[in-house]
Amino acid sequence: MKITVQIPEEKLSFFMQLMGEMGISFDITTEIPVEHQQEVLERIKNSNPENDVSLDIFFENLNEKLKQKTL
């Protein structure tokens with residue numbers, strides 16, 4: 001039997017401990033389809049480092065755009 005469960009990162013430790021205490025064996029694996037891997041590699045190859053934006057600036061710009069949409 002295979003069951004897939006999505007656990008928020010901050011709850012993973014608690015979930016793993018709970019499953020262990022209940023005697024449930026588990027295997028934490030993440031399968032990323034080859035198509036997705038290829039897409040990411042293609043995007044990295046075609047990226048331009050000159051277009052990089054810090055996270056702070058990215059979120060500032062995003063907040064401004066969201067404010068404009070709600071006005």
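Computed over heavy atoms, backbone and side chain alike; hydrogens, waters and symmetry mates excluded.
Atom CD of Glu10 sits in a crowded spot, with more than 12 heavy atoms from other residues, nucleotides or ligands closer than 6.0 Å.
Interatomic distance, CD of Glu21 versus CE of Met16, reported as 12.5 Å (0.5 Å rounding). Going from atom CG of Leu66 over to atom CG of Leu62 covers 4.5 Å, rounded to the nearest 0.5 Å. To the nearest 0.5 angstrom, Asp56 atom CG is 11.0 Å from Asn61 atom CG.
In terms of heavy-atom proximity, Phe15 sits nearest to Val5 at CZ-CG1, 4.4 Å.
Neither Ile32 nor Val40 shares a network with the other; the hydrophobic side chains, linked directly or stepwise wherever heavy atoms of I, L, V, M, F, W or Y lie under 4.5 Å apart, form separate groups for each. Hydrophobic clustering (side-chain heavy atoms under 4.5 Å, transitive across Ile, Leu, Val, Met, Phe, Trp, Tyr) keeps Ile44 apart from Val34.
When only modelled atom types and interatomic distance are considered, Gln68 and Glu64 share no side-chain donor-acceptor pair under 3.5 Å.
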